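Down below is the structure, laid out as structure tokens.
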Amino acid sequence: MGSGLTETTLDRTFFERSVLDVAPDLLGVVVSHAGVSVRLTEVEAYDGEDDPGSHAFRGPTSRNATMFGPPGHLYVYFTYGMHWCANVVCGPEGRASAVLLRGGEVVAGAARAQQRRGPAVRARDLARGPARLTQALGLDREHDGADLFGETFDLRRPAEPPGPASRGPRVGLRHAADLPWRFWIGGDRFVSDYRPATDRPTRRTR
DNA sequence: GCTCCGATTATCT
DNA sequence: GATAATCGGAGCG
């Protein structure tokens, strides 16, 4: 096979770099797991213990332990009482930085993804959003700490990468909302809707 | 098409 | 006890 026009398989060194370099480079990458392939259109960077928006900001805990481990592993966490979200750990071990996989397009295994996401879900929404993408790929608590370079994952970069990444503030954060650490493919239909942090819900006490 | 709002629970203060 | 790196359905135009 010609080596010039084909996609390339990522290796672990890709994730050993700074999370701010890795994040934009992940756009267009196709992640495959458990019968579904997703082309990433949107990601966010979380940079260790100095980033007020990061789960690692207050130091190591049992939840964020994976973030403090080696790069190229998945950090999967549970949020809002019902959703799982997936990150890839980046940088040197101990840095506790990671890229949140925020959205993508299902490019293979659509029937399997549909089965996981539900019959009423439109093709555009199969993996457009971090919890949707995680569910489409069949990931949950068991995959926290999983090695992306083990047997069950495959990551490929297309022959023609997308153009320069668009960037802006991260979604849904109350802290560090000024940092433009969300990266997406400009104009792509498989990028999620931007939603600023929810204001304090006026909890009714009764 | 849009905006609003409730669901549901692990985690941390 | 409050919050959260979200989602999907209801209501309106």
Side-chain angles (χ1 to χ4, degrees), chain A residues 19-20 22-24 26-27 31 38 40-68 73-91 95-106 113-145 165-184 189-206:
Chain A
V19 68
L20 290 174
V22 174
L26 273 174
L27 298 175
V31 182
V38 172
L40 300 175
T41 58
E42 179 188 1
V43 299
E44 279 175 0
Y46 289 87
D47 194 11
E49 297 179 86
D50 297 326
D51 174 6
S54 173
H55 286 172
F57 183 57
R58 301 192 186 265
T61 65
S62 56
R63 175 174 69 160
N64 66 24
T66 301
M67 292 184 80
F68 288 82
H73 289 248
L74 283 183
Y75 165 51
V76 181
Y77 68 92
F78 186 67
T79 193
Y80 288 103
M82 62 194 101
H83 300 300
W84 295 96
C85 295
N87 300 245
V88 185
V89 177
C90 295
R95 172 75 190 193
S97 60
V99 176
L100 172 66
L101 307 181
R102 275 206 58 91
E105 172 184 8
V106 172
Q114 192 84 55
Q115 195 173 34
R116 292 179 179 136
R117 295 274 296 117
V121 175
R122 294 176 313 230
R124 187 185 179 216
D125 294 329
L126 286 174
R128 190 177 62 116
R132 293 164 169 179
L133 183 155
T134 302
Q135 185 175 32
L137 284 176
L139 300 170
D140 60 22
R141 177 164 202 85
E142 310 174 20
H143 300 90
D144 180 39
S166 297
R167 57 186 296 182
R170 295 173 292 186
V171 178
L173 295 189
R174 308 186 7 132
H175 295 293
D178 53 318
L179 299 176
W181 288 358
R182 172 185 182 228
F183 299 88
W184 69 93
R189 289 172 31 78
F190 294 87
V191 172
S192 74
D193 299 323
Y194 177 75
R195 300 189 190 191
T198 60
D199 230 356
R200 319 194 177 173
T202 38
R203 276 264 174 266
R204 284 260 221 111
T205 49
R206 26 178 323 145

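Just so it is clear: chains get the letters A, B, ... in the order the sequence lines come, proteins before strands, and each one is counted from 1. Bear in mind that the values here come from a model prediction, so they are computed numbers and not experimental data.
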Mind listing the N/O atom pairs, protein and nucleotides 10-13 of chain B, below 3.5 Å?
unit_1: B:dC12; atom_1: OP1; unit_2: A:Thr61; atom_2: OG1; d: 2.4

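- Using a 4.0 Å heavy-atom cutoff across all strands shown, A:Asp125 reaches no nucleic acid atom at all.
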Test A:Asn87 against A:Thr66 for side-chain contact (heavy atoms from CB on, under 4.5 Å), laying out the working first. CA-CA 10 Å; A:Asn87 300 245; A:Thr66 301; over 6 Å; no

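- Annotation: side chain of A:Val38 is not in contact with side chain of A:Arg132 (no heavy-atom distance under 4.5 Å).
- Residues A:Ala45 and A:Ala23 share a closest heavy-atom pair of CB-CB, 4.3 Å.
- The separation between A:Leu101 atom CG and C:dT6 atom P is 13 Å, rounded to whole Å.
- Taking the side chain as every heavy atom from C-beta outward, A:Tyr75 and A:His55 approach each other to under 4.5 Å.
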When you look at A:Arg124 and A:Phe190, which way does the side-chain contact (heavy atoms from CB on, under 4.5 Å) test go after all the steps? CA-CA 6 Å; A:Arg124 187 185 179 216; A:Phe190 294 87; 4.3 Å; yes

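- The nearest heavy atom of DNA chain B to A:Arg122 and to A:Gly81 marks one nucleotide each, and the one closer to the 5' end goes with A:Arg122.
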Side-chain atoms of residues 95-106 of chain A: list all donor-acceptor pairs with protein atoms under 3.5 Å, sequence neighbours left out, distances to 0.1 Å.
unit_1: A:Arg95; atom_1: NE; unit_2: A:Asp47; atom_2: OD1; d: 3.0
unit_1: A:Arg95; atom_1: NH2; unit_2: A:Asp47; atom_2: OD1; d: 3.1
unit_1: A:Arg95; atom_1: NH2; unit_2: A:Asp47; atom_2: OD2; d: 3.0
unit_1: A:Ser97; atom_1: OG; unit_2: A:Cys90; atom_2: O; d: 3.0
unit_1: A:Arg102; atom_1: NE; unit_2: A:Glu42; atom_2: OE2; d: 2.9
unit_1: A:Arg102; atom_1: NH2; unit_2: A:Ser192; atom_2: OG; d: 3.2
unit_1: A:Glu105; atom_1: OE1; unit_2: A:Arg39; atom_2: NH1; d: 2.9

Any N/O pairs under 3.5 Å between the protein and nucleotides 3-7 of chain B? List them or say none.
none

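- Taking 4.5 Å as the limit, some side-chain heavy atom of A:Arg167 sits within range of a side-chain heavy atom of A:Trp181.
- Residue A:Arg102 places at least one side-chain N or O under 4.0 Å from the OP1 or OP2 atom of C:dT6.
- Checking A:Arg116 against A:Gln135 by side-chain atom types alone, no donor-acceptor pair falls below 3.5 Å.
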So what is the 5' to 3' dot-bracket string for DNA chain B, if pairs are Watson-Crick or G-U wobble with both distances under 3.5 Å, crossing pairs use [ ] and | means the partner sits on another strand? |||||||.||||.

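- Residue pairs meeting the salt bridge (charged side-chain N to carboxylate O under 4.0 Å, His left out) criterion with at least one partner in residues 51-68 of chain A, sequence neighbours excluded, are A:Asp51-A:Arg170.
- Listed by residue number, A:Gly129, A:Pro130, A:Ala131, A:Arg132 are the residues of residues 126-138 of chain A with a heavy-atom contact under 4.0 Å to DNA chain C.
- Annotation: side chain of A:Leu139 is not in contact with side chain of A:Trp84 (no heavy-atom distance under 4.5 Å).
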Assess whether side-chain contact (heavy atoms from CB on, under 4.5 Å) is satisfied between A:Val191 and A:Arg182, documenting all intermediate values. CA-CA 11 Å; A:Val191 172; A:Arg182 172 185 182 228; 3.6 Å; yes

Could you walk me through whether A:Arg141 and A:Asp144 pass the salt bridge (charged side-chain N to carboxylate O under 4.0 Å, His left out) check? CA-CA 6 Å; A:Arg141 177 164 202 85; A:Asp144 180 39; over 6 Å; no

